[in-house]
Protein chains: 2
Amino acid sequence: MKNCLKVLRAENDWSQQDLANRLGVSRQSVNAIETGKYDPSLPLAFKIADIFAMTIEDIFERGQEEGE
Amino acid sequence: MKNCLKVLRAENDWSQQDLANRLGVSRQSVNAIETGKYDPSLPLAFKIADIFAMTIEDIFERGQEEGE
DNA sequence: TTACAATGTAAATGACGCTTTACATAGTGA
DNA sequence: TCACTATGTAAAGCGTCATTTACATTGTAA
């Protein structure tokens, strides 16, 4: 599941730590999601969408799972 | 995180087993999500939205977490 | 009554999300 | 050079997601 978190962070000039603080998660979690190590939980995906004032569908791209 | 899966299932006249088959998960997983025992993963949430041709935001309601 | 479908629930197990601490690299500025 | 920020990665641990098998209840139909 791809996402454009890195670009959104850049547009806001936020470090991974900045975003992690706003989300209430660790910097490593943000990094892992950005680098595709795993997908966020649904509640965290909602928080991310809220912070950037976008929908989950706008930030996370479907059709990128390997189990399909 | 509340959802309207039960209503959507009823509108399509699907049993929990029917939906589980379409999602590729167990019937117990569908039941657990409906009864609020846990939230689906983000990929599963996307599959659910796809099957009902809706957005994740339409099916799952934010503002229902207890950790807020 | 007997059989079956649909739903709710429970326990044990494995995989994943997220944590913490820690180390490494690259870039920037004093 | 030295210090600092930003990023990537690793390992160990905990809680949640999702599985399987299994049992119970309710309703319906033969």
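Chain A is the first sequence line, chain B the second, and so forth, proteins listed ahead of strands; every chain is numbered from 1.
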- Tell me, do A:D39 and B:S41 make a side-chain contact under 4.5 Å, heavy atoms counted? no
- Message: Can you confirm whether B:L42 sits close enough to A:I56 that some side-chain heavy atom of one is under 4.5 Å from a side-chain heavy atom of the other?
- Response: yes
Is [X] close enough to [N] that one of its side-chain N or O atoms is under 4.0 Å from OP1 or OP2 there?
X: A:N31; N: D:dG8; answer: yes
X: A:S41; N: C:dC18; answer: yes
X: A:S26; N: C:dT19; answer: yes
X: A:K6; N: D:dA6; answer: no

Nearest-neighbour nucleotide for the [X] side chain, [options] considered:
X: A:T35; options: D:dG8, D:dC17, C:dC18; answer: D:dG8
X: B:Q28; options: D:dT9, C:dG17, C:dT9; answer: C:dT9
X: A:E34; options: D:dA18, C:dT19, D:dG8; answer: D:dG8
X: B:R27; options: D:dT7, C:dT7, D:dA18; answer: C:dT7
X: A:S29; options: D:dT9, D:dA18, C:dT19; answer: C:dT19

- Message: Let me test you: for the helix from C:dT1-D:dA30 to C:dA30-D:dT1, what is the angle between the axes at its two ends (five pairs each), rounded to 10 degrees?
- Response: 20°
- Message: So does B:W14 get a backbone contact from the side chain of B:N12, meaning a donor-acceptor N/O pair under 3.5 Å?
- Response: no
- Task: Look at the side chain of A:T35 and the backbone N and O of A:N31, then say whether any donor-acceptor pair between them is shorter than 3.5 Å.
- Result: yes
- Message: Both A:A32 and B:I33 contact DNA chain D. Which one's nearest nucleotide lies toward the 5' end?
- Response: A:A32
- Got a sec? Which of residues 8-20 of chain A come in under 4.0 Å of DNA chain C, heavy atoms? none
- Note on the structure: Looking only at heavy atoms, the pair that brings B:L8 and B:M54 closest together is CD2-SD, 3.7 Å
- Message: Using every non-hydrogen atom in the two residues, find where B:I33 and B:P40 come nearest and quote the distance to one decimal.
- Response: CD1-CB, 3.7 Å
- Message: With salt bridge (Lys or Arg N to Asp or Glu O under 4.0 Å) as the rule and sequence neighbours excluded, what pairs involving residues 15-34 of chain B come up?
- Response: B:R9-B:E34
